[in-house]
Amino acid sequence: MSELAWALVAPLNIFLFLVVPIWLVLHYRSKRRLGEGLDESARQRLEQALTEADRLGQRIETLERLLDAEVPGWRRP
């Protein structure tokens, strides 16, 4: 074989026997985790966050209504 071919054999072997298997394991592990979904505690935290976001949205709407009534031009720059 030519010298160039021999120079490519070692890096190619390292890539095929070391990098590719690690890459495949990490890829399919992450795919499996995405497919599992949320556990119960994560689901509860998500529900609490959504409830809090709704509550804060209502507070913002109330504040905007109050400002509209008391300071009519507050939205204009």
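All values below were derived from every heavy atom in this structure, side-chain atoms included, with hydrogens, water molecules and symmetry-related copies excluded.
Residues V25 and V19 fall into different hydrophobic clusters, defined by Ile, Leu, Val, Met, Phe, Trp and Tyr side chains chained together at heavy-atom separations under 4.5 Å. Residues L26 and I14 fall within the same hydrophobic cluster, defined by Ile, Leu, Val, Met, Phe, Trp and Tyr side chains chained together at heavy-atom separations under 4.5 Å. Criterion: ILVMFWY side-chain heavy atoms under 4.5 Å apart, direct or through other members. Under it, I22 and L16 are not part of a common hydrophobic cluster. Grouping the Ile, Leu, Val, Met, Phe, Trp and Tyr side chains by contacts below 4.5 angstrom, directly or via other members, places L8 apart from L18.
From F15, atom CZ reaches atom CH2 of W23 across 5.5 Å, with rounding to the nearest 0.5 Å. Summarising the geometry, atom CG belonging to L63 is positioned 12.0 Å from atom CD belonging to Q58; distances are rounded to the nearest 0.5 Å. Rounding to the nearest 0.5 angstrom, the gap separating the CG atom in L46 from the CZ atom in R43 is 8.0 Å.
Here the side chains of R75 and L67 are not in contact, with every heavy-atom distance at 4.5 Å or above. Side-chain contact between R65 and T62 is present, with heavy atoms from C-beta onward closer than 4.5 Å. Counting heavy atoms from C-beta on, the side chains of E52 and Q48 never come closer than 4.5 Å.
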